[in-house]
Each structure stands twice: as structure tokens, then as C-alpha cells.
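Written out below as C-alpha cells is the structure these notes cover.
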Amino acid sequence: MSKLWAATAAAACLWAGQASAVTTFNDRMTFASHGQGSTAFLTLNSLQDTLGDERPMPISVGPLEITADSPTSAYYFAGIHAAHPGVRGDVDGSAWIQMRLDLGSWVTWSSASGFQLIGFDMRPYYDVNEDGSITHDLGETIFYETDTGENGSFKLSDSNTSSFIGLMFNAPVHSITFSSLDFYNTPNGNGSSWFGVDNLHLFASAAPVPEPTSLAMLLAGLSTVGLLARRRRAD
């Protein structure tokens, strides 16, 4: 494959990828590079002064209002399991929000100002019981849907480790609701999918997507560069 063809294919793939309705990222830096406009990065640690060590929903986190079908479907915790990250979904030993998605339950994050990109660190529930057995929700599937109908799913980590998930929607939305797709297939048959979230990152809008005419101009420019290079070699 020539360098010109490789560049052309890469440009086409870039445009096609950006044009998809919901784009998923597993790397925070790549996710952040696609956002623009107003932004919010929420570590949750500062909430301890007002929320204490533990608080059921609903709560306000920066521009987000977090609500649930019941107060027990989500909790705010601050450093309760700092020495044992993963227990009850503790992401990294600091403050986190525990998402308790039981059979038929849901948790909604909403923002009056709207957002087009949202990302966060997450860690599945993991606990070693007194008898040595392990209760966990590793690898389970979480479903999401926005107020505009965009939807999809993602999987929790297959190990007791944190991971990143970033979502970019086709247009700004005002809410995203989470529920479980695995409440019947959990490894321990516990009828739930619990995980913790931390370091929420929101962008009001996404970087502009190249229009088809812009892509055509890019490809034409690459073709011209390739033609000039061949002429120089011929001379």
C-alpha cells in the first residue's frame, strides 16, 4: 500500500468514525481531544464537606443532578474503603458514586445546560466475604439511553480494576439514564449490577465534524502532493 493510499484511507476512516451517532472512547486523552465548549471535571472529593461520608440520591455534582428510582439505587461515598479499592465499587480510594442497578432500577444524570460528551472512571463491585468467597459484578453489561433516544451499552472491567468510558453523542443531550442488562446473568446470581464512578468529565459540545466537501478537498490535496512527489522523482 502506497503512503498516499494509506493517508487517504486514514482520512476517510477518521471522517467516518466522527460521523457515527454514538462514539465510545476507552482513553481519557482521546476522549478529551474531541470535546470543546464549556467543560467540567468532577473528582467528587470536594462534596464531602456538604454531603459527609455517605449520602443517598438525589444529589448535585457540578452541573449534574443525579436521581434514581429510589434513594438506594445510588449512593455517594467518601473514602470509606480507601484501603481496599473495589469494595462496593470504590474506584480509587477517594470519593465515588456507587451505581446500584438492581432488577428494574435506574439512575439518571441530567444537566439543564446539556452536554455532548461525558466520560468517567468506573470500577465494578468487588468484595471478599468472611468465608473467603468473592462477591462481584465483573464484566457485566450496562445499558444507557439519553433523553433524545441515543442508546448503547458498555461492559464493566473483567477484573478488580478501574477503567474509563467516554461517550460522544450526535448532538447535545440533557440526560443519560443507566440500567443493567445482566441482572439475570450475574456471576453470583445476585440480581444486580453495582459499580462505582469517579472523575466525571463533561463537554458542552464536540469538535466540528469535517463536511463531505472538506473531506473531498483533503483527499484532492493529498492526491496533488502525491502527483508532485512522483514528478520530482521522475525528474
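Fair warning: this is a prediction, and the values are worked out from it, not measured in the lab.
With sequence neighbours excluded, no residue satisfies side chain to side chain contact (heavy atoms under 4.5 Å, CB included) with Ala171. With sequence neighbours excluded, the residues that form a ring pair (Phe, Tyr, Trp, His ring centres under 6.0 Å) with Phe164 are Phe31. Under the side-chain hydrogen bond (donor to acceptor under 3.5 Å, both in side chains) criterion, Ser111 pairs with Ser113, not counting sequence neighbours. Applying the side-chain hydrogen bond (donor to acceptor under 3.5 Å, both in side chains) criterion to Asp53, with sequence neighbours excluded, gives Gln48. Listed by chain and number, the residues in a side chain to side chain contact (heavy atoms under 4.5 Å, CB included) with Asp131 are Asn129, Ser133 (sequence neighbours excluded). Looking at residues two or more places apart in sequence or on another chain, you find no side-chain hydrogen bond (donor to acceptor under 3.5 Å, both in side chains) involving Ser105. Phe178 meets the ring pair (Phe, Tyr, Trp, His ring centres under 6.0 Å) test with Trp109; sequence neighbours excluded. Annotation: side-chain hydrogen bond (donor to acceptor under 3.5 Å, both in side chains) contacts of Thr108 (sequence neighbours excluded): Thr177. Residues that satisfy the salt bridge (charged side-chain N to carboxylate O under 4.0 Å, His left out) test with Asp69, not counting sequence neighbours, are absent from this structure. By the ring pair (Phe, Tyr, Trp, His ring centres under 6.0 Å) test, Phe41 is found to be paired with His201, residues two or more places apart in sequence or in another chain being considered.
Among pairs with a residue in residues 44-84, those fulfilling ring pair (Phe, Tyr, Trp, His ring centres under 6.0 Å) read Tyr75-Phe77, Phe77-Trp96, at least two apart in sequence or across chains. Here salt bridge (Lys or Arg N to Asp or Glu O under 4.0 Å) pairs that include residues 23-44, with residues two or more places apart or in two chains, are Arg28-Asp121.
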